[in-house]
Protein chains: 4
Amino acid sequence: MKAVVFKEIGKVAVEEVPKPDLNTPADAIVKVTAAAICRTDIKILHGWAYGDYKHKPGLIFGHEGVGVVEEVGGEVKKFRPGERVIISNNVQCGSCFYCLQGRYALCENGGWVLAHTENGTHAEYVRIPYADMGLHKIPEGLSDEDVMGVMDILSTGMFAVENAETKPGDIVAVIGAGGVGQCVIMLAKLFGASLVIAVDTVDHRLELAKKMGADVVINPKTEDPVGKIMAISDGRGADCAIEVVGVKETLEYALKSVRPCGHVSIIGIFAEPQTVPIDIIQLKSLTIRSGYVDTNRIPKILRLVQHGKINTRAIFTHTFPLVEAPKAYEIFDKGLDNVVKVILKP
Amino acid sequence: MKAVVFKEIGKVAVEEVPKPDLNTPADAIVKVTAAAICRTDIKILHGWAYGDYKHKPGLIFGHEGVGVVEEVGGEVKKFRPGERVIISNNVQCGSCFYCLQGRYALCENGGWVLAHTENGTHAEYVRIPYADMGLHKIPEGLSDEDVMGVMDILSTGMFAVENAETKPGDIVAVIGAGGVGQCVIMLAKLFGASLVIAVDTVDHRLELAKKMGADVVINPKTEDPVGKIMAISDGRGADCAIEVVGVKETLEYALKSVRPCGHVSIIGIFAEPQTVPIDIIQLKSLTIRSGYVDTNRIPKILRLVQHGKINTRAIFTHTFPLVEAPKAYEIFDKGLDNVVKVILKP
Amino acid sequence: MKAVVFKEIGKVAVEEVPKPDLNTPADAIVKVTAAAICRTDIKILHGWAYGDYKHKPGLIFGHEGVGVVEEVGGEVKKFRPGERVIISNNVQCGSCFYCLQGRYALCENGGWVLAHTENGTHAEYVRIPYADMGLHKIPEGLSDEDVMGVMDILSTGMFAVENAETKPGDIVAVIGAGGVGQCVIMLAKLFGASLVIAVDTVDHRLELAKKMGADVVINPKTEDPVGKIMAISDGRGADCAIEVVGVKETLEYALKSVRPCGHVSIIGIFAEPQTVPIDIIQLKSLTIRSGYVDTNRIPKILRLVQHGKINTRAIFTHTFPLVEAPKAYEIFDKGLDNVVKVILKP
Amino acid sequence: MKAVVFKEIGKVAVEEVPKPDLNTPADAIVKVTAAAICRTDIKILHGWAYGDYKHKPGLIFGHEGVGVVEEVGGEVKKFRPGERVIISNNVQCGSCFYCLQGRYALCENGGWVLAHTENGTHAEYVRIPYADMGLHKIPEGLSDEDVMGVMDILSTGMFAVENAETKPGDIVAVIGAGGVGQCVIMLAKLFGASLVIAVDTVDHRLELAKKMGADVVINPKTEDPVGKIMAISDGRGADCAIEVVGVKETLEYALKSVRPCGHVSIIGIFAEPQTVPIDIIQLKSLTIRSGYVDTNRIPKILRLVQHGKINTRAIFTHTFPLVEAPKAYEIFDKGLDNVVKVILKP
């Protein structure tokens with residue numbers, strides 16, 4: 001089959017590789033019909049390490065995808081070949097210490113597996129361990145594009161919004177308006193925020209942010225985000241500040257624009273080590289939360305998509321055939337052509 | 001001054017009565033510019049008792065109102081004559097056992113006072129005890145009509161929605177689409193429900209419910225509400241059922257249409273004693289909550305109104321001068337002329 | 001094998017029956033080393049129905065037990081023959097709508113199965129469906145008697161205490177001091193109650209309640225429970241009232257002795273239909289919760305037992321060989337010989 | 001009157017100063033009967049700044065105290081001269097944005113006032129602003145020594161334990177066993193921890209920690225705290241890590257010994273700027289909380305003291321007459337004579 005392979009730092013290629021087999025009776029093989037590129041794929045491409053873990057050349061990229069069940073192992077009870085499914089970007093066993101708490105990202109038998117320790121979704125076929133936990137049926141009437149945000153950007157967005165303890169009436173500052181940031185904006189509105197404030201340095205993203213529900217947009221190139229957030233929040237600051245970029249400045253915006261007793265949610269992935277000054281947390285009585293997404297919110301998110309309450313189609317600005325993956329990666333990596341998110345179609 | 005007075009059971013009149021004075025240095029006198037009739041005023045008119053408490057003839061009706069501060073006692077620090085204010089429908093001291101928990105309806109020095117143990121807002125002037133806690137400044141740019149829902153129907157609606165532990169993605173059944181019900185519908189949507197289902201026997205209310213955010217409306221005269229709610233919730237039932245009427249049938253709809261492990265919020269005020277069968281609560285592992293509204297949500301609600309996230313103007317279908325109160329009461333009581341809520345203007 | 005069988009209403013017998021086999025690859029067969037009689041077994045014996053479900057003659061009693069794994073199906077990953085285990089009294093699949101929320105009692109593929117729709121633990125062997133979810137290893141150093149409370153009375157007790165939202169500093173009234181009640185008392189203390197008040201009509205149970213952590217005990221035969229609870233709670237009432245009996249009077253004690261804005265947890269199983277008056281819930285702004293226990297708390301409870309924070313050995317007042325089950329049932333049923341809980345040893 | 005005065009950095013003296021007067025009608029004057037020295041007093045003495053705020057020479061030390069009401073202003077409703085009271089270490093107005101949420105430390109009209117912007121409790125008399133909110137009656141039968149921990153070390157301890165989201169069954173690591181640390185230990189046990197682990201470099205504190213409820217004590221001089229905590233928590237780490245010292249090493253212990261998805265509560269006050277590495281928060285999906293204590297827990301804590309559930313008398317190891325304050329400060333500052341906490345008696 002064809003797959004998008006990590007060759008070496010900085011180099012991605014489409015290659016012919018063996019189709020995956022069932023490894024255990026709990027596995028399923030899914031024929032991928034659409035997959036999306038994540039900022040994390042780009043970070044892997046540039047040599048980023050997750051903790052101490054370095055990604056190995058030969059790895060197939062991609063942890064976002066939808067498809068059709070091709071084959072299931074003997075222990076798989078919920079799925080049959082031919083069913084259209086969303087692929088969870090966590091692998092979760094469902095019965096370890098962390099899974100029993102819904103903390104799938106920390107699954108003691110899984111966690112981040114796709115395009116990390118095992119091959120990912122940027123391929124014609126992908127193997128999904130613990131398929132009964134890792135797949136979700138696509139409701140009638142929804143296209144691949146309709147649900148393409150569910151497994152990652154919406155899951156991550158909802159994780160970030162919940163980590164900020166966003167409540168109806170809150171003022172929410174969202175620092176960063178990429179694919180996840182757009183979902184955070186849409187979900188902050190869905191959670192009943194009285195004001196959603198989007199901060200980004202790219203104007204076309206701010207335009208999209210307005211469509212997604214931002215009440216106020218701020219481009220730090222032309223306005224001081226902290227000053228403006230203070231001004232529109234009675235001088236106190238935002239109830240919730242959600243950092244979705246992963247650089248020094250955006251972290252500072254979040255810490256400075258959140259009000260005393262507020263909540264800071266950090267979902268951006270930092271290429272450089274960063275630190276949070278304790279005296280700020282202490283003087284402002286803050287709560288800080290971070291983490292990699294737990295995909296236990298997929299059923300709830302699917303319901304919201306199914307009933308038309310959230311819609312991520314405008315975020316997926318580009319679609320390429322899988323064989324053009326190197327070009328797609330370049331456009332996404334460099335932010336060309338007003339790209340936000342890119343779909344690959346095998 | 002002119003005031004709307006409870007003469008005897010079934011009889012309301014506009015009379016000339018003395019203007020209220022400051023009783024304590026914590027009081028304020030507010031010149032009422034607009035007040036609304038509540039279903040509770042009608043219940044009082046018809047002789048309903050609150051626990052063992054019978055309302056006394058001569059009482060001035062009304063616990064919903066906005067106005068202008070006329071005079072303040074020496075301990076009032078937050079308000080000055082001339083300021084436009086919303087009147088909380090609870091009187092709260094701010095420092096008793098219940099107030100410290102935000103449970104203002106149970107204030108040991110107040111609670112339900114207006115149009116209950118003391119005179120109410122259906123008058124040219126009203127005395128507000130503990131004015132620093134009981135008044136809220138009207139933000140610039142908002143009219144009386146804009147904020148007319150804040151002190152009661154929105155506060156009660158949010159209390160009911162929170163009592164049902166409504167969370168983003170939930171399916172919420174709202175039984176009853178009067179003034180409070182319309183707010184519950186609007187707020188269930190604001191809280192991120194995936195489906196808001198409105199049930200009422202009056203078609204024009206169901207029409208309004210759709211405008212307020214109901215995804216599905218059911219008139220029990222033509223459809224079985226429980227069956228339909230089951231059908232659109234995967235056969236499990238609604239996550240949250242909110243009863244906003246106060247009769248036997250609507251209570252049954254709520255208990256039967258909520259899913260196992262769901263939440264039932266009862267806000268309707270029952271004229272007849274009603275009971276909840278324990279075996280249903282136990283077999284379905286339910287949580288049941290009820291109560292009279294705590295107005296501690298007013299600042300949050302005001303923020304949402306100010307930023308245009310919620311708007312109750314369409315709910316206030318009728319406005320009358322205060323002197324026409326008997327006619328206004330009759331229209332509201334009998335549900336004439338497609339009335340939902342009525343404003344009186346002194 | 002020998003087993004304790006429900007012959008007809010009012011009649012229990014020890015009989016020779018076939019040893020159970022694996023039904024599915026997810027099952028395990030456990031050799032029972034100790035089992036306990038539950039009040040529910042007695043209710044079944046006397047013809048009680050669970051909703052509409054009537055128990056069938058021939059059913060083996062018992063949903064509380066510990067033992068040694070005898071045999072496991074091919075999908076069982078966590079357990080091997082020879083391991084000592086606690087048997088969960090719920091059967092839970094681990095991946096349905098309710099299991100994913102930890103609400104195992106409502107498992108769409110299980111729930112209450114043992115001694116209900118399938119044979120129970122009062123036998124030499126028992127089949128456990130979804131064994132990976134339904135069994136828990138017994139930590140080193142703990143005897144059968146040490147963990148005999150974990151699967152039911154402690155799980156139910158913690159469920160009841162959590163349903164009452166018990167928080168450190170609370171005054172907790174526990175109405176009923178049988179096996180579960182004793183655990184509720186011990187756990188209310190563990191949760192940090194400032195006062196635990198036990199109510200029961202049997203003096204030896206009140207004596208045991210004091211040992212388990214009750215600060216105040218009340219026998220309604222000699223004192224008015226509601227009056228006394230009011231007197232020791234500043235006239236407001238208990239923050240949490242937990243009903244653990246299941247008769248009209250105890251329900252009334254709970255509703256009357258809880259303070260406004262307090263929480264009522266109902267865990268007693270009622271033989272007669274009972275109702276909760278809504279006006280009390282509404283005037284006092286109460287939260288009412290009930291349900292059958294979810295056993296998702298077993299790992300946490302085991303930790304507490306292992307570290308010596310809770311100990312139920314004094315609650316298990318009697319032990320009989322399995323063959324003397326009819327006598328054991330009679331003693332437990334009639335409350336003879338100061339019995340609290342009874343262990344059967346096959 | 002006599003008072004303990006901050007002369008200059010490093011110098012404390014007892015001096016004759018004017019007795020305070022009522023400033024506003026909401027004030028009370030309290031005759032101090034006992035006061036305690038806090039580690040913060042020592043930090044002020046050594047020139048520590050709170051944010052940008054430098055303490056002024058002439059300031060009277062002390063924010064912990066109990067006494068007898070001497071005089072009240074005209075707006076004070078809850079207290080009369082002659083009543084024995086606990087002094088809250090926050091000044092709270094009760095009606096600002098933060099007070100309405102119980103976040104008294106951030107009170108927009110108060111917060112940290114005593115021994116900070118106004119004179120403190122280490123004197124014969126002290127003025128208490130907003131006395132109705134800032135004083136609490138001492139229940140019958142409790143001595144000054146019984147309640148000496150309530151206003152600060154118990155309040156701070158409970159704030160820290162709640163910030164760590166401590167739940168029954170949790171493993172709680174407490175890093176630091178000074179006065180607040182001892183309370184954290186006692187309260188972690190009260191909250192139902194399955195294991196309380198105390199870490200400190202001073203053996204006599206670890207001895208006291210055992211009496212207060214620590215199950216395991218670790219002296220980093222002889223054992224590796226992180227390794228030992230891992231070993232006794234199934235290799236995962238503590239559910240909650242509470243930092244109560246304020247130096248680099250103790251912060252590291254907390255971050256390294258907490259398990260993934262665990263909670264870190266930071267209550268130690270750092271003399272040097274410290275930072276938290278984000279990648280650790282992110283990889284371990286942590287929640288971090290800090291802040292200065294809100295004293296809204298005093299009523300609940302008083303109840304627990306009154307009913308004998310917590311007792312801090314052993315923590316107050318030393319008592320001196322007020323006139324010997326310089327000696328008392330020195331002993332406390334240098335940790336002489338196995339001191340934990342020191343009481344001054346005017």
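A note on names: the letters A, B, ... follow the listed sequences, proteins ahead of strands, and every chain is numbered from 1. Not measured: the values here are computed from a predicted model.
Between the side chains of A:Thr295 and A:Asn90, at least one donor-acceptor pair of N or O atoms lies under 3.5 Å. Side-chain atoms of A:Arg289 and D:Thr287 form a donor-acceptor pair, as typed in the model, at a separation below 3.5 Å. For D:His263 and D:Asp170, the side-chain atoms include no donor-acceptor pair closer than 3.5 Å.
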Take D:Tyr104 and D:Val293 through the test side-chain contact (heavy atoms from CB on, under 4.5 Å) and record every step on the way to the result.
-> CA-CA 8 Å; D:Tyr104 298 165; D:Val293 61; over 6 Å; no
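Of the residues listed (A:Ile232, A:Ile185, A:Val172), the one engaging A:Ile197 in a side chain to side chain contact (heavy atoms under 4.5 Å, CB included) is A:Ile232, and it is the only one. For the pairing with A:His116, the ring-ring contact (aromatic ring centres under 6.0 Å, His included) check across A:Phe61, A:Tyr292, A:Tyr53 returns one residue only, A:Tyr53.
Taking the side chain as every heavy atom from C-beta outward, A:Cys38 and A:His63 approach each other to under 4.5 Å. In this structure, the side chains of D:Ile298 and D:Ser155 come closer than 4.5 Å at one or more pairs of heavy atoms.
Contact of D:Phe159 with chain A is made through the side chain alone, with heavy-atom distances under 4.5 Å. For D:Leu106, the part lying near chain A is the side chain, with the backbone staying farther off; criterion is any non-hydrogen pair under 4.5 Å.
The choice from D:Lys284, D:Arg236, D:Glu108, D:Gln274 that makes the most heavy-atom pairs within less than 4.5 Å of chain A is D:Arg236. Ranked by non-hydrogen atom pairs under 4.5 Å with chain D, the options A:Phe270, A:Phe97, A:Tyr50 are led by A:Phe97.
Close approach to chain D, defined as a heavy atom under 4.5 Å from one of its heavy atoms, is seen in A:Leu251, A:Arg259, A:Pro260 of residues 242-260 of chain A, taken by number.
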